[in-house]
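I have placed the structure first, in the form of structure tokens, so that the comments after it can refer back to it.
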Amino acid sequence: MKILVVGNGGRECSVASALLLSPKVTRLYITPANFGICDPFGRGRVRLQDIPADDIDSLLAFAQEEGINLTFVGPEAPLAAGIVNTFRDQGLRIVGPDREAARLEAEKSYAKDFMRRYGIPTAASEAFTDFSEASRFLEQVKYPTVIKADGLAAGKGVVICETLEFARETLEQMMVEDVFKGAGKKILIEQYITGPEISFFCFYDGKTAVMMPPASDYKRLKDADKGPNTGGMGCMCPSPYATPKLVDEFKQKILAPFMDGCTKEQLDYRGIVYFGTMATPQGMMLLEFNVRFGDPETQALLPLLQDDLVDILVAVESGKLDRAKCDFSNEAAVTIVMASANYPYGSSPPAEIEGLGRIDQINDADEPYPNGTIYRRLPRVSVCYAGVSKSRIFEPETQPGEGVAGAVARALHPGGERDVFIATGGRVLSVTARGRDLSEARRLAYEAVGNIRFTGAHFRTDIALLK
Ligand code: GLY
């Protein structure tokens, strides 16, 4: 099969790496390019493209020209813009919700109404399109309160407001200054709830949902949940907060009514569903739907998958998920994000990444591939790139003088061209390790992170550190 992966962040790097474990893949295209993807069997199946993830017409033309058999879409924006409708109209197979179903993430007020219609527990909220009405409402609510942009805002559209003054500023920025370019013209003012957050993911084909192990990500920049919100600085899977009782509550109060709602509303949803939940003192509540995999949750989830991701995605797309094998191991995985100097505030100067070779050494010293079987697992330590580019640099030969010392030095450092990976900004890369439990995975993940260096790199040191 020729497979196209749309999107080039850490999440898509992880999906592509898992797909490449399948012997069914003859070629895997990823667009835009992600330099972290390599063929684990050395068969040269990877092709990097440069079509933007939101250029649906060009993606369609490419998929048709290349005879792509299956497309997987990582980010929410092309799903919300209807890439699934466009591809299916042309008879192409693609995994993801169609435009209508993607509104569950793309329009928060639509999602809230859906939750209310199907009795899914969620925080109380009011939607506003009028700035004066919203401002008056802010005077009646309890603080902290939450203001959410209704549309897609690249993970920045949810703001916790401690005071009325800050809430007013936030409202002004979203509704008047239009910082989210239309996404904040409609907003929700929502009750602030507290409790551990658990991300539940399912493969869903419109009839059958297969749950993946629950995960928890770390959204704040700094240790002890200090600093600004980010796209996610790390993750642990399974989430220690997801007790069997809570998992059961999730299935009954959130998953079952979600599936019921999709059936009743005839949504064409064949993809990944991400339920952002919170275990509050009043019970489990749904914070949001996302219609895609999470980042960095995917990087922790997929190393635990024991079956063939290609088979699973084909089953999702063709509505036959009930027949697919879809087991996850009962090990644990921990992901640590290494971010660039100025993340999340602004851009950072490019910096060479060193020490990546050490990760191969850690893996080489690890479990061998089982004899005679197709190895379907990602390695114990995997690195996913997000803000990374590749350059070829020329290094002159060392000039150490003559004699034996000179000959040895030249042999060790002969000069010539070599590839270097450059951190270009944002959440540059993520390092994931698998272990028998969270503490083993955590130890190995931090050992690996300790080997990778680039100027300005920073990461949290308390991922999966359990009290
Ligand atoms: N980890 C949060 C997200 O992917 O939205």
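The first residue of the sequence shown is numbered 1, and numbering continues consecutively from there. As the structure lists them, so they are numbered: ligands from 1, and atoms in each ligand from 1.
Only the side chain of Arg292 comes within 4.0 Å of ligand 1, counting heavy atoms alone; its backbone N, CA, C and O stay farther away.
Any N or O atom pair closer than 3.5 Å counts here, and Arg11 shares no such pair with ligand 1.
When each atom of ligand 1 is checked for a heavy atom of Gly231 under 4.0 Å away, the hits are 1 (N), 2 (C). Listed by number with element, the atoms of ligand 1 under 4.0 angstrom from any heavy atom of Gly294 are 4 (O). Within ligand 1, counting atoms from 1 as listed, the ones closer than 4.0 Å to a heavy atom of Asp217 are 1 (N), 2 (C).
With contacts defined as side-chain heavy-atom distances shorter than 4.5 Å, the pair Val314/Met1 qualifies.
The environment of CD in Glu177 is crowded: more than 12 heavy-atom neighbours from other residues, nucleotides or ligands sit within 6.0 Å. Few gaps surround NZ on Lys2; more than 12 heavy atoms of other groups in view lie less than 6.0 Å from it.
At least one heavy atom of Tyr274 sits less than 4.0 Å from an atom of ligand 1. Residue Ser199 places every heavy atom at 4.0 Å or more from ligand 1.
Heavy-atom minimum distance, Tyr241 versus Glu197: CD1-O, 4.0 Å.
Closest to atom 4 (O) of ligand 1, if we only count protein heavy atoms, is Asp295 N, 2.9 Å.
The only member of Phe201, Phe250, Tyr204, Phe200 that meets ring-ring contact (aromatic ring centres under 6.0 Å, His included) when paired with Phe275 is Phe250.
Between Asp225 and Arg460 a salt bridge is recorded (basic side-chain N to carboxylate O distance below 4.0 Å).
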